Q: 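Before we start, here is the structure in question, set down as structure tokens.
Because only heavy atoms are used, hydrogens play no part in the values below, and waters and symmetry mates are left out as well, while side chains stay in. So you know, we letter chains A, B, ... as the sequences are listed, proteins then strands, and number each from 1. Treat the numbers as computed from the prediction; the structure is a model and nothing was measured.
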Protein chains: 2
Amino acid sequence: MDHLDGKLLDMLQVDGRMSYASLGKEIGLSVTAVKERIDKLQRSGVLKNFSIEVDAALVGYSVLAFVFIAIDRPEYCEEFENQILEVPEVQECHHVTGGFNYLVKVMANDMTHLEQLLLSRIKIPHIVSRSETTIVFSSSKNSSFVKCARNGSRDD
Amino acid sequence: MDHLDGKLLDMLQVDGRMSYASLGKEIGLSVTAVKERIDKLQRSGVLKNFSIEVDAALVGYSVLAFVFIAIDRPEYCEEFENQILEVPEVQECHHVTGGFNYLVKVMANDMTHLEQLLLSRIKIPHIVSRSETTIVFSSSKNSSFVKCARNGSRDD
DNA sequence: AGTGAAAGATGTCCGAA
DNA sequence: TTCGGACATCTTTCACT
């Protein structure tokens, strides 16, 4: 992965529909060379997939929350992760340092929905011993952009 | 936004390169009808943009952290948000409930880089009074998928 | 790794219902 | 909103450097 690959990844994150021709024009490569690089980035797993970004609020998820979870015993961790994988409203589940074991990011339609999710699917009896929920008022930044091109050469 | 729009959004989140023809085959609409719906979803802002997902670890971001931030005085919040917007390693910045004001998600190349980011760009003097950093060991789930289609009708 | 050219697939625009 | 058809553009493959 060199600097040109980084630029390709940055450009495609901004517009995943850019053609090989216009990508190539930006970095000075032919259509075929660009395609070959992108294919290779996909095969290596760096480019996980082509996608779209959806405005969660506009499709009805007006509540966002972060929930810290403490697990009763370490051997229950795998079971917890498996259960959480099944919950579509949970976008992220991180094993973390500190007084809790997991940090979970949850989307919900409203407070009632969040309450129901926490009670019925997240604070799993006999597995989760303690939890602490933080509600998001608003997000001044909420992207998934990963800067790939190193700075130092102009990218205009 | 009806059920078919929801299905389109779900399918495009999984594969943003699906052709109008194959999208149409799945939901029983013509190429033109699919294009018209997708254009409309973009205009309304529900579909924010076409993009790709990049594996952060594979491009060198091996450290992920969540940082709680307490702001000294409420009138410094805007300045904090503006400063944070400029930091590419900060993916998310949420105004939250609880003992802190903000929760920030940060990517870094390594621990040294994280330390440097915290000291030089996040724990801003005279604005940030207190912070608490949680390091991520591993993530069993880290997606940005937003389920848009309501359940009840089969989607095979 | 890179190139250009040809062929097939796809996006886009149109008039009509 | 939806459709099908016509045309422009893009993707993909190939032979070659």
Q: Using the side chain to side chain contact (heavy atoms under 4.5 Å, CB included) rule, take A:Asp72 and A:His126 through it: C-alpha gap first, then chi angles, then the decisive distance, then the call.
A: CA-CA 7 Å; A:Asp72 224 8; A:His126 305 295; 5.9 Å; no

Q: Near DNA chain D, under 4.0 Å by heavy atom, which residues of residues 29-40 of chain B?
A: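 Correct list: B:Leu29, B:Ser30, B:Thr32, B:Ala33, B:Arg37, B:Lys40.
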
Q: With side chain to side chain donor-acceptor pair (under 3.5 Å) as the test, would you mind laying out the steps for B:His113 and B:Glu115 before giving the verdict?
A: CA-CA 5 Å; B:His113 184 206; B:Glu115 181 182 24; over 6 Å; no

Q: Should side-chain heavy atoms under 4.5 Å link Ile, Leu, Val, Met, Phe, Trp and Tyr, which residues sit in the same cluster as A:Ile124?
A: A:Val63, A:Val67, A:Ile69, A:Ile71, A:Tyr76, A:Phe80, A:Ile84, A:Val87, A:Val90, A:Tyr102, A:Val104, A:Val106, A:Met111, A:Leu114, A:Leu117, A:Leu118, A:Ile122, A:Ile127, A:Val128, A:Ile135

Q: What is the distance from CG of A:Leu23 to P of C:dG2, rounded to the nearest Å?
A: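 Taking CG of A:Leu23 and P of C:dG2, I get 14 Å after rounding.
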
Q: Among B:Arg150, B:Lys7, B:Arg37, whose side-chain hydrogen bond (donor to acceptor under 3.5 Å, both in side chains) with B:Asp2 holds?
A: B:Arg37

Q: Looking at DNA chain D, which of residues 11-22 of chain A put a heavy atom within less than 4.0 Å of it?
A: A:Ser19, A:Tyr20

Q: Does the distance from a Lys or Arg side-chain N to an Asp or Glu carboxylate O, for B:Glu92 and A:Lys105, drop under 4.0 Å?
A: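 The answer is yes: the pair qualifies as a salt bridge.
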
Q: Taking ring pair (Phe, Tyr, Trp, His ring centres under 6.0 Å) as the test, write out the residues that go with B:Tyr20, two or more places apart.
A: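 If we apply the ring pair (Phe, Tyr, Trp, His ring centres under 6.0 Å) test to B:Tyr20, skipping adjacent residues, there are no hits.
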
Q: I need the full list of salt bridge (charged side-chain N to carboxylate O under 4.0 Å, His left out) pairs touching residues 9-25 of chain B, with sequence neighbours left out, sorted by first then second residue.
A: none

Q: Going by the rule ring pair (Phe, Tyr, Trp, His ring centres under 6.0 Å), which residues pair with B:Phe145 if we only count those two or more places apart in sequence or in a different chain?
A: none

